[in-house]
Amino acid sequence: QLGFQKSLSYARERLQSRSLSGAKNPSGPADPIIVHPDVRRMLLTQKAIAEGGRMLAYSTALLVDKDARATSAEERKEASELLALLTPIAKAFMTETGFECASLAIQCFGGHGYIQEWGVEQNLRDSRIAMLYEGTTGIQALDLLGRKILLTQGESLKRFTKIIHKFCKSHEDNYDMAEFIEPLAAKNKEWGELTMQIGFKAMSNPDEVGAAAVDYLMFAGFVTFAYWWARAVAVALPRQNEPFYAAKITTARFFYQRLLPRTLLHAQAMKAGAESVLALDADHFSF
């Protein structure tokens, strides 16, 4: 979030080149760099990840409160189990993508990003340790896929995918939500299918879990963010004439069109299995 705020401010003020579609600042020597599509890509990536992460973080915080304070034992149990599933996603996916965004903030500044006075280089270095604080990304991924999902025969995952499924069903007749609901429903289904495939392979080779774990976590993170972005759109649509809510819809559209497709890469890597990961002899890595 800090990197986004700083790079957004810089992009609005920094003049460099002209827009390919025509000058946007004709009275000045150049256009502000925020008019350039690639700068927009970097800023929107930061915005989509930061705001998606905020939605996930607040939702998990709410589950912590429900786990501790809900009046019924059933509600506390449900909150506790859902929190257990989402915690490794929140810890690892948000820190991985957060570091990516911190790097993009520097890129928006260009060479200026390495100058201490801007603070974005410090932000990048500080964000790097977040992937190590409470266990590395790989450990969080093993916790998610191994302990939280496969050891429960997928029951913890089904609890969350059922929530997503019900949300999608409740909006399936809403034409304005179709561009979000249809891909979300498809990814939600694919999540379950990939889990079954990995679980089946792991029965004969436990290393399949370790080989798939990080890609599995990243896939899960993008689908989880997609769910919260779709929820944000559902709230924003009735008030889309207001700039704040219009921006939410536009950012959600960017996430679905430019970031959610990364799941294709992660799914393909998982399906490739453990063979290519383990094929090289440990003594041959230096060749």
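Model, not experiment: these values are computed from the prediction.
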R258 atom CZ: more than 12 heavy-atom contacts under 6.0 Å: no
Contact check, side chains of E155 and K158, non-hydrogen atoms, under 4.5 Å: yes
Salt bridge (Lys or Arg N to Asp or Glu O under 4.0 Å) partners of residues 13-27, not counting sequence neighbours, each pair once: R18-D31
Exercise: do E81 and S156 side chains pair donor with acceptor under 3.5 Å: no
Pairwise side-chain hydrogen bond (donor to acceptor under 3.5 Å, both in side chains) hits with a residue in residues 191-204, at least two apart: W191-Y216, T195-Y216
Heavy-atom closest contact (G138 atom, V214 atom, distance): CA-CG2, 3.9 Å
Counterpart residues, side chain to side chain donor-acceptor pair (under 3.5 Å), relative to E100 (two or more places apart): R262
Full working for salt bridge (Lys or Arg N to Asp or Glu O under 4.0 Å) between K77 and E74: CA-CA 5 Å; K77 180 176 182 294; E74 182 180 354; over 6 Å; no
Under 4.5 Å side-chain linkage, directly or through intermediates, the cluster mates of M203: F200
Which pairs of donor and acceptor atoms, one on a side chain in residues 141-148, lie under 3.5 Å apart (sequence neighbours left out)?
residue: D143; atom: OD1; partner: R147; partner atom: NH1; Å: 2.8
residue: D143; atom: OD2; partner: K148; partner atom: NZ; Å: 2.8
residue: K148; atom: NZ; partner: A84; partner atom: O; Å: 3.0

CZ/R69: more than 12 non-hydrogen atoms of other groups inside 6.0 Å: no
Side chain to side chain contact (heavy atoms under 4.5 Å, CB included) partners for A226, two or more places apart: L184, F255, Y256, L260
Heavy-atom closest pair, residues G113 and E121: O-CB, 3.4 Å
ILVMFWY cluster, I49 and V120 together (side-chain gap under 4.5 Å): no
Minimal non-hydrogen separation, L150 against G199, with atom names: CD2-CA, 4.0 Å
E275 atom CD, over 12 foreign heavy atoms within 6.0 Å: no
Other cluster members, L20 - Ile/Leu/Val/Met/Phe/Trp/Tyr, side-chain contacts below 4.5 Å: none
Ring pair (Phe, Tyr, Trp, His ring centres under 6.0 Å) pairs, two or more places apart, involving residues 17-71: none
Donor-acceptor pair, side chain of N123 and main chain of A102, under 3.5 angstrom: no
Any donor-acceptor N/O pair, T87 side chain to L83 backbone, under 3.5 Å: yes
Closest approach of S7 to L43 (non-hydrogen atoms, all atoms of both residues): OG-CD2, 3.6 Å
Cluster overlap L217 with I139, hydrophobic side-chain contacts below 4.5 Å: no
R76 side-chain N/O to D67 backbone N/O, donor-acceptor pair under 3.5 Å: no
Counterpart residues, ring pair (Phe, Tyr, Trp, His ring centres under 6.0 Å), relative to F93 (two or more places apart): F222, F225
Partner set under ring pair (Phe, Tyr, Trp, His ring centres under 6.0 Å) for F109, not counting sequence neighbours: Y10, W118
F160 with V64, same ILVMFWY side-chain cluster at under 4.5 Å: yes
Side-chain heavy atoms of C101 within contact of F4, under 4.5 Å: no
Residue pair A267 / E190: nearest heavy atoms and the distance that separates them: CB-OE2, 3.6 Å
Donor-acceptor under 3.5 Å (T136 side chain, L132 main chain): no
Single-linkage hydrophobic cluster I163~L85, side-chain heavy atoms < 4.5 angstrom: yes
Hydrophobic cluster of L15, others only, ordered by chain and residue number, side-chain cut-off 4.5 Å: none
Common cluster, V235/I164, ILVMFWY with side-chain heavy-atom separation under 4.5 Å: no
More than 12 heavy atoms from other groups under 6.0 Å of CD on Q116: no
Pairs satisfying salt bridge (Lys or Arg N to Asp or Glu O under 4.0 Å), at least one member in residues 233-247, at least two apart: R239-E242
E51 and K248 ion-paired at < 4.0 Å: yes
Q107, CD atom: more than 12 neighbouring heavy atoms under 6.0 Å: no
Where I198 and E208 come nearest, the two heavy atoms and their spacing: CG2-O, 4.3 Å
